[in-house]
Amino acid sequence: MENSIVIYNTLTRKKEIFKPLVEGKVGLYVCGPTVYSNSHLGHARPNITFDLLFRFLTFSGYKVRYVRNITDVGHLENETEESGEDKISKKARIEKLEPMEVVQKYMNTFHRNMEDLNVLPPSIEPRASGHIIEQQQMIDSILANGFAYEVNGSIYFDVEKYNQHYNYGKLSGRNLDDIKTNTRELDGQNEKKNSFDFALWKKAAPEHIMRWPSKWSNGFPGWHLECSVMSIKYLGTQFDIHGGGMDLVFPHHECEIAQSTASLGEESVRYWMHNNMIKINGQKMARSLGNFITLDELFSGNHKLLQQAYSPMTIRFFILQAHYRSTIDFSNEAMQASEKGLERLMTAVKTLDELKPFNESTVDFTSIKEKCLAALNDDLNSPIAIAHLFDGVKMINSIKAGKEKIAANDLADLKAFYNNMVFDILGFKVEKAEENGGGKILDGAVELLLELRKNAKINKDWGTADKIRDELIEIGIEIKDTKDGVNWNLK
RNA sequence: GGUCUCUUGGCCGAGUGGCUAGGCAGCGGUCUGCAAAACCGCGUACGGCGGUUCGAAUCCGCCAGAGACCUCCA
């Protein structure tokens, strides 16, 4: 499959044709979660976006090494909290748990949520805590190159010095003069030469439990460092794509560029990709704003803003129905629309298996196939691809209704295409009925009831027929009378 | 305050100089004992005011509103 993929590069603010560094292979790094509380809807977005990218690149014939980290070291809280306390150790004290117990707990939840969303595991999932030595090594090289300084056992990155040789602010589109006049003064910054300098290594306060020995102090690495270190370690000093949420552009990714460049003398990332935010009531959904809904709450419907539960695939569809660089507005109405839309799509996929081939085709799916792939090639435009899939749904339904015909070879081709698109690339999976265990027993029982209902209908005993139907619906089994007989499925 | 982005029909969301996505909801019809589902058909929207152009939702300017980043954040 020869695809020419175009990617919007945040660095150049343009769409660029994607050319991997090494022919046929792609190195992809994505910023993963900080595991100190449950994952919420906002976290689903980058993971689904880059899952799509991972799947699409793989489908397009690339061998992809996908690295997504787990941040389990923690970094400084904001100024409203007692200063200098690590996020994870703070949480640990509240819950009377070991820091690594907190990490493990929320990492498990994250993994379970991702599996539910059918997000493929990355090729490598490195943890910051497992790369302390490598982080110290990078600090050494930055110090050796003269772009960092030590104060009281902490190491800070010298942004001004760096900016004399390189361009600090190139990713986020700001310049140091603006940053100088616009950076707020925060607590605990008196050690730094400039307020915009950032920590590479921080000496731990006595109450700070997460700490590692180093030649400078017992302490912990600065937040930005882990991504620079782990991306380079597993993907090389230069690699293809680095992704993450738009809110990470500044300062996180800006600092990553500075660190890697200060250490290596050259930049390591070739394409920067950033997904936009999910909004709720017109505002970004964020842990810090307290307006988030966790994935578990969405799956169970157990949240005061939710009118019902939404399945993982509904959430996946909801996210893929918008372009990854646009914001999406969360609402019950929008989620319910996604639920119905997805059902329509999945029903059509199932319908494909029921279609009977003719000798000839009166429909032509070629342009739909081409348009779907073209949309994905154009900066991962999943909403357009899905729109074209729905055009195909219309045709599939017309064939089923007997208004159009399809030949055997075209049908096989079409099935393969929908399987590729819906399952392999967009990453949907069949939920409900087919997945549930005990299928055979249930099948038998329902078939029996439907047989009784059929007899009742023949005898025009509408009371019994409707009782069977209505009560089955009541317990979650939907009955559909069609020309070819009765269909049923679990709701 | 600085930097940047957005404003599309009832809702969600694509598009971005002429060919007016898609989903959901709604309406009309077909089918059906009824219902559901399915199918067919229907809606000409792009914040306001100017400008450029043969032609603008799409380019430019101004105004209004919303948001993001500047601090942890996906």
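Order of the sequence lines fixes the chain letters, A, B, ..., with proteins taken first and strands second; residue numbering starts at 1 for each chain. These numbers come from a predicted model, not from an experiment.
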- Task: Evaluate salt bridge (charged side-chain N to carboxylate O under 4.0 Å, His left out) for A/Asp466 paired with A/Arg469, printing each intermediate quantity in order.
- Result: CA-CA 5 Å; A/Asp466 289 354; A/Arg469 180 185 66 199; 3.6 Å; yes
- What integer number of Å spans the C1' atoms of B/rA25 and B/rG61? 39 Å
- Task: State the pairing partner of B/rG1; accept Watson-Crick or G-U wobble contacts with both distances under 3.5 Å, and report none otherwise.
- Result: B/rC70
- Is there a donor in the side chain of A/Glu404 and an acceptor in the side chain of A/Ser398, or the other way round, less than 3.5 Å apart? no
- A/Lys340, nearest nucleotide to its side chain (from B/rC24, B/rC70, B/rG41): B/rC24
- Name the closest nucleotide to the A/Ala465 side chain, picking from B/rA14, B/rG33, B/rA74. B/rG33
- Message: Using the C1' atom as the point on both nucleotides, what is the distance between B/rG17 and B/rA36, in whole Å?
- Response: 47 Å
- Query: Rounded to whole angstroms, how far apart are NZ on A/Lys279 and C1' on B/rC69?
  - Reply: 14 Å
- Item | Side chain of A/Asp391 - closest among B/rG23, B/rC70, B/rG22 | B/rG22
- Let me know the distance between NE2 of A/His388 and C1' of B/rG13, rounded to the nearest Å. 14 Å
- Task: Rounded to whole angstrom, note down the C1' distance from B/rG47 over to B/rU58.
- Result: 15 Å
- Message: Taking 4.0 Å as the cut-off, does a side-chain nitrogen or oxygen of A/Arg287 come that near to OP1 or OP2 on B/rA74?
- Response: yes
- On RNA chain B, nearest-nucleotide positions of A/Ala322 versus A/Gly42: which is more 5'? A/Ala322
- Using the P atom as the reference point in each nucleotide, state the distance between B/rC46 and B/rU52 in Å, no decimals. 22 Å
- Message: Looking only at the aromatic ring of each residue, does the gap between the centers of A/His131 and A/Tyr234 stay below 6.0 angstrom?
- Response: yes
- Task: Tell me which nucleotide among B/rC40, B/rG33, B/rC72 gets nearest to the side chain of A/Lys403.
- Result: B/rC40
- Watson-Crick or G-U counterpart of B/rU53, or none if no pair lies under 3.5 Å: none
- Task: Using the P atom as the reference point in each nucleotide, state the distance between B/rG9 and B/rC70 in Å, no decimals.
- Result: 31 Å
- Message: So that I can tick it off, tell me whether A/Lys350 and A/Glu354 are bridged by a salt bridge, with the cut-off set at under 4.0 angstrom between side-chain N and carboxylate O.
- Response: no
- Message: Regarding A/Lys394, tell me which of base, sugar-phosphate or nothing describes its non-hydrogen contacts under 4.0 Å with the strands shown.
- Response: sugar-phosphate
- Message: Check A/Arg127 with A/Asp72, please: is the shortest side-chain N to carboxylate O separation under 4.0 Å?
- Response: yes
- Task: Rounded off to whole Å, could you give me the CD1-to-P distance for the A/Ile319 and B/rA74 pair?
- Result: 14 Å
- Task: Measure from the side-chain heavy atoms of A/Thr34 and tell me the nearest of B/rA74, B/rA25, B/rG33.
- Result: B/rA74
- In the structure shown, which nucleotide is the Watson-Crick or G-U wobble counterpart of B/rA25, with both distances under 3.5 Å? none
- Considering only NZ, NE, NH1 and NH2 on the basic side and carboxylate oxygens on the acidic side, decide whether A/Arg55 and A/Asp51 come within less than 4.0 Å. yes
- Going by heavy atoms in the side chains, are A/Tyr29 and A/Phe239 under 4.5 Å from each other? yes
- Query: At under 4.0 Å between heavy atoms, what does A/Met277 touch on the DNA or RNA strands: base, sugar-phosphate, or nothing?
  - Reply: base
- Query: Which part of the nucleic acid does A/His274 contact within heavy-atom distance under 4.0 Å: base, sugar-phosphate only, or nothing?
  - Reply: nothing
- Query: Contact class for A/Ser39 (heavy atom, under 4.0 Å): base, sugar-phosphate, or nothing?
  - Reply: nothing
- For B/rG43 versus B/rA38, give the span between their C1' atoms, rounded off to a whole number of Å. 22 Å
- Task: Please confirm whether the backbone N or O of A/Lys170 pairs with a side-chain atom of A/Glu254, one donor and one acceptor, at under 3.5 Å?
- Result: yes
- Query: Is the ring centre of A/Phe390 under 5.5 Å from the base ring centre of B/rG23, and are the two planes under 30° apart, so that they stack?
  - Reply: no
- NA contact type, A/Met285, heavy-atom cut-off 4.0 Å: base, sugar-phosphate, or nothing? base
- Below 3.5 Å, does any donor atom in the side chain of A/Arg469 face an acceptor in the base of B/rA35, or the other way round? yes
- Query: Does a nitrogen or oxygen in the side chain of A/Ser172 sit under 4.0 Å from OP1 or OP2 of B/rU3?
  - Reply: no
- Query: How about A/His242 and A/Tyr271: are their ring centres within less than 6.0 Å of each other?
  - Reply: no
Using a cutoff of under 3.5 Å, can you pull out all pairs of nitrogen or oxygen atoms linking the protein to nucleotides 6-12 of chain B, with atom names and distances?
residue	atom	partner	partner atom	Å
B/rC11	O2'	A/Glu333	OE1	3.4

- Query: Which nucleotide, in any strand shown, forms a Watson-Crick or G-U wobble pair with B/rU30, with both distances under 3.5 Å?
  - Reply: B/rA38
- Task: Could you pick out which residue, A/Cys31 or A/Lys15, lies toward the 5' side of RNA chain B when each is mapped onto its nearest nucleotide?
- Result: A/Lys15
- Tell me whether the OP1 or OP2 atom of B/rA38 has a side-chain N or O from A/Lys400 closer than 4.0 Å. no
- Note on the structure: Whole-Å distance, A/His252 NE2 to B/rC69 P, equals 15 Å
- Counting just side-chain N and O atoms, does A/Asn381 come under 4.0 Å of either OP1 or OP2 of B/rG15? yes
- Query: Does B/rA64 have a Watson-Crick or wobble mate here (both distances under 3.5 Å), and if so which one?
  - Reply: B/rU7
- Item | A/Arg453 CZ to B/rU32 P, straight-line distance once rounded to whole Å | 15 Å
- Message: Measure NZ/A/Lys350 against P/B/rA37 and give the value in whole Å, please.
- Response: 15 Å
- Message: Using the P atom as the point on both nucleotides, what is the distance between B/rC54 and B/rG48, in whole Å?
- Response: 24 Å
- Measure the distance from CG on A/Asp378 to C1' on B/rA21 and round it to the nearest whole Å. 14 Å
- Message: With a sphere of 6.0 Å drawn around NZ of A/Lys415, does it hold more than 12 non-hydrogen atoms of other residues, nucleotides or ligands?
- Response: yes
- Message: Does A/Gln283 reach a base, just sugar-phosphate, or nothing at all? Heavy atoms under 4.0 Å.
- Response: sugar-phosphate
- Message: For a quick check, tell me whether the side chain of A/Asp466 and the base of B/rG33 share a donor-acceptor pair closer than 3.5 Å.
- Response: yes
- Task: Using only side-chain N and O atoms of A/Arg174, determine if any of them is under 4.0 Å from OP1 or OP2 of B/rC70.
- Result: no
- Message: Quiz question: by atom type and distance under 3.5 Å, do the side chains of A/Glu125 and A/Asn69 form a donor-acceptor pair?
- Response: no
- Query: Rounded to whole angstroms, how far apart are CG on A/Asn276 and P on B/rA66?
  - Reply: 19 Å
- Message: Let's go through A/His323 and A/Ser382 carefully: what are the C-alpha distance in whole Å and the side-chain angles of both, what is the deciding distance for side-chain contact (heavy atoms from CB on, under 4.5 Å) to 0.1 Å, and is it a yes or a no?
- Response: CA-CA 6 Å; A/His323 185 76; A/Ser382 54; 5.9 Å; no
- Item | Nearest to side-chain heavy atoms of A/Ser398, which nucleotide of B/rG22, B/rC40, B/rC72 | B/rC40
- Query: What integer number of Å spans the P atoms of B/rC62 and B/rU5?
  - Reply: 14 Å
- Winner on side-chain proximity to A/Leu248, out of B/rC72, B/rC40, B/rA74, is B/rA74
